[in-house]
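Below: the structure, in structure tokens.
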There are 2 protein chains.
Amino acid sequence: MAGTRKLPTRDELRVWRDFVETTEALRGSLAGRLQGDTGLSTGDYTVLLALSEADGGRLRSSDLAVRIGWERSRLSHHLGRMERRGLIRREECATDSRGAEVVLTPEGNDAFRAATVPHLRAVRELFVDALTPAQLAAAGEIAAALREHLGRA
Amino acid sequence: MAGTRKLPTRDELRVWRDFVETTEALRGSLAGRLQGDTGLSTGDYTVLLALSEADGGRLRSSDLAVRIGWERSRLSHHLGRMERRGLIRREECATDSRGAEVVLTPEGNDAFRAATVPHLRAVRELFVDALTPAQLAAAGEIAAALREHLGRA
DNA sequence: CCTCCCTGATTGACACGTCAACGATATGAC
DNA sequence: GTCATATCGTTGACGTGTCAATCAGGGAGG
């Protein structure tokens, strides 16, 4: 074998392309539904979900970034857009003057609560209902395997 | 049952989140490698691949858009960026004065040829090698099921 | 106290994607 | 030939994501 790392076969490549294109289309479809039903982007939803689960609907910006797995600059940009729309507010942090606290506004809370059922329904319709129970389980295992492999690289 | 469309269970939702987050991370990882190894984005690669497979390395803009499944405006913006970098050229179309032909430049061809092996290797390492043969097959079936379901909705 | 360094968060520049509007040309009905 | 309509491609506005730079405030060691 002379130490070669082989390239993917034609079939493997086809699976890869199908997989990527389909997951992208799925994500787009979900995002479009969420946007259409509720006026929120998936990013908005992610942020609002984390805030609504937090004590007092408020979190340190950094903690929020960790919880949702975003880079800080991404979060900062996104919070700027959400603040302009009144979904969240930023306050100074009492215990660390560098810090900022992100606070869920009543409007943000309303928007989130109005969005959750339609969003979950869409997840069911577009993802869960598309797969057999065995396929759903396999999807979970595939995700785990990919993630574990990614973690090593 | 009273006609209710149930929401996803906790387990189904967990699979969904794992699946989305992992595929997103995978896509990001691949894109980062391609960018680092070759200076191309995945969009660049897609366009260059289609052009390099076309007769004479040239395609009508609309045909190119259809082949790679992009909206025309997306393609137009992307071609503008690629043209600035000398990867492609736009020429007027002889048979239809509205049209434009996209032409692969020598630089674009070189960039693509230099990119293909590293990119395929990355696909193998990050995707194919992460999965057992059974999981790979399941991934293909899952993609097919999702796509077919999406097509109906 | 005063460096030096680390961390929290923001900013600016830029790539990328979508949507809606637009200008120009083709095309078919008449 | 003329006009309505459809198609081709571009553009502008804006949301989104990454990277590198920046600024301000902690905190440990002298």
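Since we're looking at a predicted model, the values are computed, not measured. Here is how names work: the chains are called A, B, and so on, in the same order as the sequence lines, proteins then strands, and each is numbered from 1.
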Which heavy-atom pair separates A:Gly86 from A:Thr105 by the least distance, and what is that distance?
-> O-OG1, 2.6 Å
Give the rounded distance in Å between these two atoms: CD of B:Glu92 and C1' of C:dG23.
-> 15 Å
Starting from the first five and the last five pairs of the helix from C:dC1-D:dG30 to C:dC30-D:dG1, work out the angle between the resulting helix axes, to 10 degrees.
-> 0°
Return yes when atom CZ of A:Arg17 has more than 12 non-hydrogen atoms of other residues, nucleotides or ligands closer than 6.0 Å, and no otherwise.
-> no
Kindly check if the number of other-residue, nucleotide or ligand heavy atoms within 6.0 Å of CZ (A:Arg85) is above 12?
-> yes
Calculate the interatomic distance between A:Glu91 atom CD and C:dG8 atom C1'; express it in whole Å.
-> 17 Å
Please state how far atom CE in B:Met82 lies from atom P in C:dG17, giving the value in whole angstrom units.
-> 12 Å
Nearest whole angstrom, please: distance from the P of D:dT16 to the CD1 of A:Ile68.
-> 13 Å
Could you state the atom-to-atom distance from CD of A:Glu24 to P of C:dT18 in whole Å?
-> 8 Å
Nearest-Å distance, CZ (B:Arg27) to C1' (C:dG17)?
-> 13 Å
A:Glu12 versus A:Thr9, closest heavy-atom pair with distance | OE1-N, 2.8 Å
Hey, mind stepping through B:Arg72 and B:Ser61 against side-chain hydrogen bond (donor to acceptor under 3.5 Å, both in side chains) and telling me if it holds?
-> CA-CA 8 Å; B:Arg72 276 215 300 253; B:Ser61 183; over 6 Å; no
Are B:Val103 and B:Leu51 joined in one hydrophobic group, where the rule is that I, L, V, M, F, W and Y side chains link up if heavy atoms are under 4.5 Å apart?
-> no
Base, sugar-phosphate alone, or nothing: which one does B:Arg84 contact when heavy atoms must sit under 4.0 Å apart?
-> sugar-phosphate
State whether A:Arg81 and A:Glu83 are salt-bridged, where the test is any N-O pair (Lys NZ or Arg NE/NH1/NH2 against Asp/Glu carboxylate O) under 4.0 Å.
-> no
Taking CG from B:Leu34 and P from D:dT18, how many angstroms apart are they, rounded to a whole number?
-> 16 Å
Between A:Ala50 and A:Ile68, which heavy-atom pair has the shortest distance, and what is it?
-> CB-CG2, 3.7 Å
Upstream residue (5' side of DNA chain D) when A:Ser97 and A:Ser41 are each assigned their closest nucleotide = A:Ser41
Dump the intermediate steps for side-chain contact (heavy atoms from CB on, under 4.5 Å) on A:Leu48 and A:Met82, then the final yes or no.
-> CA-CA 10 Å; A:Leu48 293 176; A:Met82 292 180 73; 3.7 Å; yes
List the protein contact pattern of nucleotides 8-13 of chain D with one symbol per nucleotide (5' to 3'): B for base contact, S for sugar-phosphate-only contact, - for none; contact means a heavy-atom distance under 4.0 Å.
-> BBBBBB
Starting at CD of B:Glu71 and ending at C1' of C:dA20, how long is that distance when rounded to a whole Å?
-> 11 Å
